[in-house]
J.: 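Once you've had a glance at the structure underneath, I'll fire off some questions.
The basis for the numbers below is simple: all heavy atoms, side chains too, and nothing from hydrogens, waters or symmetry mates.
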Amino acid sequence: MPSKLTVKRISTSPYFKESFAKLEKDAIETKAEAEMLPFNSDLPADILITNTHTIVENISTSDYNHCKLMIHPNSGHDNFSADFVSKASFPIIIGNPIRAHAVTNFILSALLSHFSPIPRETTWSKTRKWERRLLSELNVLLIGMGHIGGLLKESLTPLVGSLSIYDPYLKNTTLDLSNIDVVIPVCSLNKKNHSFINRKFLMELNEDFLLINASRGSLVKTDDLIEVLKLRPNAYAILDVFEKEPADFNQFKDLTNIQLSSHIAGVYSNIDNETATFVASVISDFQQLKEESFKEKYKRVLLKNRLRDDFII
């Protein structure tokens, strides 16, 4: 009888509960029938689990050479270089589906609460007035069309006045910023889109634009955004991610037209269970499916498929 595949987590995230390690181990050992080694064990494993804190270039030679599969159950993959991914002899699976609904919920909540905050009333209002803009009056721009972009497209298309999509890697190459009310980046960070949303970009939008960024902080040039928000007091930004994290919120203290949160869009009550289930499912499929069938099933989250010359999209 063949021996079980061994699995090792080499980085974890602070938002997981104390019970997560056992939850993940139980899922892997029962659903995937693999053996979970202790966290950061010295023994090499067949399958390595990483996260955004993993410095992949520092993975030991024994771990790297022994690895048959790497699972990165995060949507951000900034810590993987194109060189590392292209040379890896094993597939690297990223966890975009785990947080897609949570981040989509955050963005929709931000959009609705900005334009249509429900008034609190303690007595009956005879005027029955509610000054607000309807979503059907808005021109919205989505930057990116991955898992979150797809969910937002389905949600917003029947609701907003117009929905534009810019994703040059999916042949959506037209970027017209004139008359745009809302900008929502939902793309990964790469070396070609650092500071993509800068002063020039922002100044081409409508004066009372809304920017919602729950994607990657470095997509937005922070100093430029602060400058434009000062120039345009009717504009507004809702930021959950920042160029440098943990972020210093004092840099925004002079602004009243901004709302900040601490990279929480993808965090939700069931994230521990969803992460453990995702990891166990990938491992189970890796064992049961033929190589080509496995790669086809996970083609949207296979990191090698995101290689474009010398960078990852």
Side-chain angles (χ1 to χ4, degrees), residues 52 75-76 78 99 103-117 133 135 138-146 148-149 152 156 160 162-168 172 174-267 311 313:
T52 51
S75 48
D78 312 352
R99 294 165 180 78
V103 177
T104 301
N105 283 192
F106 176 95
I107 291 167
L108 293 175
S109 294
L111 184 65
L112 288 164
S113 63
H114 178 74
F115 288 105
S116 299
R133 291 184 69 183
L135 297 188
L138 302 174
N139 300 317
V140 179
L141 170 64
L142 292 181
I143 303 174
M145 193 41 57
I148 298 167
L152 286 171
L156 293 176
V160 301
S162 71
L163 184 69
S164 304
I165 297 167
Y166 177 71
D167 190 330
N172 297 305
T174 301
L175 183 64
D176 182 3
L177 301 178
S178 60
N179 205 31
I180 292 293
D181 300 297
V182 182
V183 176
I184 308 172
V186 283
C187 55
S188 299
L189 182 69
N190 63 57
K191 73 175 188 178
K192 291 197 172 184
N193 63 17
H194 270 263
S195 300
F196 181 73
I197 300 175
N198 51 30
R199 188 185 193 282
K200 182 179 183 299
F201 182 106
L202 295 167
M203 292 299 288
E204 291 185 34
L205 306 173
N206 287 342
E207 288 205 8
D208 58 350
F209 71 80
L210 169 65
L211 168 67
I212 303 172
N213 189 14
S215 186
R216 280 292 174 260
S218 291
L219 294 168
V220 179
K221 191 170 183 180
T222 307
D223 290 343
D224 285 8
L225 174 61
I226 292 171
E227 180 188 350
V228 172
L229 289 177
K230 288 178 179 178
L231 287 171
R232 295 184 164 180
N234 291 325
Y236 202 89
I238 300 175
L239 304 182
D240 184 57
V241 290
F242 304 87
E243 286 187 274
K244 184 179 179 181
E245 296 184 4
D248 179 8
F249 286 2
N250 284 326
Q251 63 187 314
F252 306 104
K253 65 181 180 180
D254 296 328
L255 297 172
T256 58
N257 50 344
I258 196 166
Q259 183 175 340
L260 312 172
S261 54
S262 305
H263 204 147
I264 58 171
V267 181
F311 69 101
I313 62 170

J.: Check G149 against L142 and note the closest heavy-atom contact, atom names and distance.
T.: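 Reported closest heavy-atom pair: O-CD1, 3.9 Å.
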
J.: What closest approach, in Å, do F106 and A265 show between heavy atoms, and which atom pair accounts for it?
T.: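 Between these two residues, the closest heavy atoms are CG-CB, 3.5 Å.
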
J.: Between V220 and E243, is any pair of side-chain heavy atoms under 4.5 Å apart?
T.: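 Not in contact.
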
J.: When rounded to the nearest 0.5 angstrom, what is the spacing between OG1 in T52 and CD in E245?
T.: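 Nearest 0.5 Å value for the OG1-CD distance: 9.0 Å.
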
J.: Would I107 and V186 count as a side-chain contact (heavy atoms from CB on, under 4.5 Å) if you check the C-alpha gap in whole Å, the side-chain angles of each, and the deciding distance to 0.1 Å?
T.: CA-CA 10 Å; I107 291 167; V186 283; 3.7 Å; yes

J.: Test L112 against L135 for side-chain contact (heavy atoms from CB on, under 4.5 Å), laying out the working first.
T.: CA-CA 8 Å; L112 288 164; L135 297 188; 3.8 Å; yes

J.: What heavy-atom pair brings R232 and L202 nearest, and what distance separates the two atoms?
T.: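 Answer, listing the atom of R232 first, then L202: NH1-O, 3.3 Å.
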
J.: Tell me the closest heavy-atom pair linking Y166 and N172, and the distance in Å.
T.: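 So the minimum-distance heavy-atom pair works out to CD1-O, 3.4 Å.
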
J.: As a quick check of understanding, evaluate side-chain hydrogen bond (donor to acceptor under 3.5 Å, both in side chains) for D176 and S178, giving each step before the final call.
T.: CA-CA 6 Å; D176 182 3; S178 60; 2.6 Å; yes

J.: What distance separates L219 CG from N190 CG, expressed to the nearest 0.5 Å?
T.: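 Reported value, rounded in 0.5 Å steps: 8.5 Å.
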
J.: Does the side chain of D181 reach to within under 4.5 Å of the side chain of R133, using non-hydrogen atoms?
T.: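 In contact.
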
J.: Return yes if some donor-acceptor pair links the side-chain N/O of S116 with the main-chain N/O of S113 below 3.5 Å, else return no.
T.: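 Judged by distance alone, no pair lies under 3.5 Å.
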
J.: Treating D240 as the side-chain partner and H263 as the backbone partner, does any N or O pair qualify as donor plus acceptor under 3.5 Å?
T.: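 Pair found, side chain donor or acceptor close to backbone of H263.
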
J.: Below 4.5 Å, heavy atoms only, C-beta onward: do N234 and N257 meet side chain to side chain?
T.: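 Side chain of N234 against side chain of N257, heavy atoms only: no contact under 4.5 Å found.
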
J.: Which residue pairs pass the ring-ring contact (aromatic ring centres under 6.0 Å, His included) test when at least one of the two sits in residues 207-237, sequence neighbours left out?
T.: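 Only H114-Y236 qualify under ring-ring contact (aromatic ring centres under 6.0 Å, His included).
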
J.: Under a 4.5 Å cut-off applied to non-hydrogen side-chain atoms, are F252 and L229 in contact?
T.: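 Not touching, per the 4.5 Å side-chain cut-off.
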
J.: With rounding to the nearest 0.5 angstrom, report the CD1 to CD1 distance, I226 to I258.
T.: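 Here the rounded value is 7.0 Å.
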
J.: Answer yes or no: is there a side-chain heavy-atom contact under 4.5 Å between N206 and N179?
T.: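 Heavy-atom side-chain distance check passes, below 4.5 Å.
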
J.: In Å, rounded to the nearest 0.5 Å, how long is the span from CD of E227 to CZ of R199?
T.: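 If we round to the nearest 0.5 Å, E227:CD and R199:CZ are 4.5 Å apart.
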
J.: Would you sort out whether C187 and D167 count as a side-chain contact (heavy atoms from CB on, under 4.5 Å), showing the intermediate values?
T.: CA-CA 8 Å; C187 55; D167 190 330; over 6 Å; no

J.: Hey, are the side chains of I197 and L225 touching, using non-hydrogen atoms and a 4.5 Å cut-off?
T.: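 Answer no - side chains too far apart.
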
J.: Can you tell me how far apart CG (L141) and CG (N139) are? Round to the nearest 0.5 Å.
T.: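 Between L141 CG and N139 CG, I get 10.0 Å after rounding to 0.5 Å.
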
J.: Determine, step by step, whether F196 and I143 satisfy the side-chain contact (heavy atoms from CB on, under 4.5 Å) criterion, reporting the C-alpha distance in whole Å, the side-chain angles of both residues, the deciding distance to 0.1 Å, and the verdict.
T.: CA-CA 10 Å; F196 181 73; I143 303 174; 4.0 Å; yes

J.: Which value, rounded to the nearest 0.5 Å, describes the distance between N193 atom CG and I313 atom CD1?
T.: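 The CG atom of N193 sits 10.0 Å away from the CD1 atom of I313.
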
J.: Search all heavy atoms of V182 against all heavy atoms of I180 and return the closest pair with its distance.
T.: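 In terms of heavy atoms, the two residues are closest at O-CG2, 3.4 Å.
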
J.: Might you point out which heavy atoms bring G266 and R99 nearest each other, and give the distance in Å?
T.: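 In this case the closest contact between G266 and R99 is O-CG, 3.4 Å.
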
J.: Answer whether the closest heavy-atom distance between the side chains of L152 and L108 falls below 4.5 Å.
T.: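 They are in contact (side-chain heavy atoms under 4.5 Å apart), so the answer is yes.
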
J.: Does a side-chain heavy-atom distance below 4.5 Å link F242 with D248?
T.: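 Sidechains of D248 and F242: no contact.
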
